[in-house]
Amino acid sequence: MRSRRLIVPALLALTLAAGACGSSSSSSATSTTAATTTAPPVTTVSGPGGLLDPTADVQSATVTANGAGANSIQPFFQKAFYVYNQANPKLTVQYAPTGSSVGITDIEQGTVDFGDSEIPMAAADLAKATKGAILQVPVDLGGVALSYNLGSSGPKSLNLDGPTLAGILLGTVTTWNDPAIAALNSGVTLPSEPIVAVHRADSSGPGYDLDQYLIDTAPTWAAKVGTKASKTWPEATVGVGEQLNTGVATTISQTAGAIGFVEYGYAKQAGFTNASLKNAAGTFVAPSEASIASAGSQATGLSATSFNIVNGAGAQTYPLANFSWTLLYQEQSNQDLGIALGKLFDWVTTTGQGQAAALGYAPLPANAVTLAHQTLEELQTSTGQPLFSH
Amino acid sequence: MAGVREALDRRRGRPGGRLAGAVRWVGAGLFVAVVLALVWSLLAGAEPAFARDGLRFLWGGSLDRTGTAYGAGPFVVGTLLTTAVALLLAVPVGIGTAAMLSELAPRWLAGPLSILVDLIAAVPSIVVGLFGLLVLSPLFGRDVGPFLKELPLLGRLFGGTLEGGSSVLLAGVILAVMILPTMVALTRTAFAGVARADREAALALGATRWQVVRGAVIPGARSGIRAAFTLSVGRAVGEAIAVALVIGNRPAVPHSLLAPGATLGSYVVTQFSEAAQGLPRARIVGLVVVLLVLTALVNGAGALLLRKRTTAGGTP
């Protein structure tokens, strides 16, 4: 089932990457420099690898770790795992980006060594775990872009607020020159073509973020779909539904007049133009590494139960952002694999964050790094002994 | 030769003959057992869904946010519409192409063309699906859709606002592309198997080439055409991945052929892996049961239709 599901996104990713090559080659130089200047706050605290002691608790055998879950984190994971494997050939990581919900089910059933979800597991999900307690580690900070395709002659920037966006996604705002859109974009020439709204056909973290933002800002949306955000897209009978970020991105790039939500990393890779959203402070902000980082810095009391940073405070804050959470069993029956996973995600949440900015993610803020470190220290052997000496 | 020896073996009651007979019975029994096990496990898996919604599950609307209403209705409609579009396009073109290849075209052209058709029949459906998504979808959104809407009378089938290229119509076209080679290859083989005497008899009666095809070849190849039809319908009704790429995945009854929709197969393939244990999973399995029944019904109806048509047209 999984391998068949993966064929499609993989092929789509290929075609997208091929399509984006021409347009993004000029911007790649600037993004590389951005990566070096916005290095993560914590790089060498107690060793080159991360916060855990690199000399103690060394894995003895070569292992392979299998993971599955969020599609949104895939570009970052792919790069990070590759870089890590270059320096640490004793660990090979295979990650299947089948979606957050699949990641949660797979870790519950114990069919993977780690899962990943854009939204942390709720208590009801944790109770279904078959191999004991699950630890949730924040591993990246990403945003959700509202990308649109109005051709090369279309507006290069576009302001949208919650009520207008809700109108588009509920099917009441149907053309690009609708008065509601025009009122937010004075001086911008809007075409009269119909709007094609694209959403996720599978459940998704980006869908959850947008649902939460619209619940917070658009009364019409809340009245229609209720006030509890969900990963399943609530208004599936309007617009077009596609599988995973790659499917949505392909349809946006193929369809004149389309607008849809994708993880910012994918939008950046595809070279999309993205709408600026009205944030809680009342300013219109476009998604960028800086505006997503600003959203992350609002998460002062971050934990797996207090994770929501949608529509956060701050004039420069982009309203659609979330942390991605890696899911690990606290008890690791294979000690080598447990040590390898602990050190891997220790690196991913510290030094590995240096890979984030170039790919359209923001480096984790210091409190998220601390939370990740503290959570990884809770890893245990099958006999309940701590896996890492402190 | 082998058949004769087996018959002799059996008559003499030698162990080799008995063994061969036993193997055949076991093989047939296994096949039936596998089919029964499949049906039983599907029914068992879908039981909670039918227990909760009863027969309403068959035609109800799709899932709403609170999970109160759920049914296969929109997906059954989507499946029937895409299959109908595919068959309307593929059956006449398929039979015509087969007739051209086996009866009308000169040999130097028919040979290479037949090989080409067989090759296309082997193209995986995902490739056809991607062709639809990357090549046909923009074309449909930009040119084909607006053109169809302007057609007199027929334009009503293509009403509503145009929402890009992803649509029930495009899914039907993709399915037609997918089943066409099967139609052509099997029908052509059936045509080739029609006795030469039948053709010569028709020619002797003064029939033209086309009259020979219509009066002698097509009726003679009836069972082969039915097999081609059955296989094509099966593929069109059940195809999931390629359809999911181009249909727009909207779990609602499409208001026009240019609107997005969903079929039983495409909805199952997009939702199965993340459907939680319990009722959500049972509902997805329930859709598979509906798909199974629908395939049988469509096949039966098609076979019936085809039998009437060919006997009526075939009686001299």
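Here the structure is a predicted model, which is why all the values come from computation and not from measurement. Convention: sequence-line order gives letters A, B, ...; per-chain numbering from 1.
Put simply, the side chain of B:Arg250 gets close to the backbone of A:Thr237: a donor and an acceptor are under 3.5 Å apart. Using a distance-only test at 3.5 Å, with no hydrogens or angles considered, no donor-acceptor pair links the side chain of A:Gln243 to the main chain of B:Leu245.
The greatest number of non-hydrogen atom pairs below 4.5 Å with chain B, out of A:Thr255, A:Thr174, A:Val240, is found for A:Val240. Interface remark: of the candidates A:Gly103, A:Ser101, A:Ala236, A:Ala197, A:Ala236 forms the most heavy-atom pairs closer than 4.5 Å to chain B. The greatest number of non-hydrogen atom pairs below 4.5 Å with chain B, out of A:Ser203, A:Ser100, A:Pro194, is found for A:Ser203.
When heavy atoms are compared at a cutoff of 4.5 Å, A:Ala256 does not approach chain B at all. For A:Val238, the part lying under 4.5 angstrom from a heavy atom of chain B is the backbone only. Contacts of B:Ala259 with chain A are absent, with no heavy-atom separation under 4.5 Å from either backbone or side chain. A:Ala258 does not touch chain B: none of its heavy atoms, backbone or side chain, sits under 4.5 Å away.
Counting only heavy atoms from C-beta outward, the side chains of B:Ser166 and A:Glu242 approach each other to under 4.5 Å.
Considering CG of B:Asn249 and CZ of A:Arg200, their distance stands at 12.0 Å, rounded to 0.5 Å.
Across all non-hydrogen atoms, the minimal contact from A:Asp202 to B:Thr270 is CB-O, 4.4 Å.
Every residue two or more places apart in sequence or in another chain was checked for a salt bridge (Lys or Arg N to Asp or Glu O under 4.0 Å) with B:Asp143, and none qualifies.
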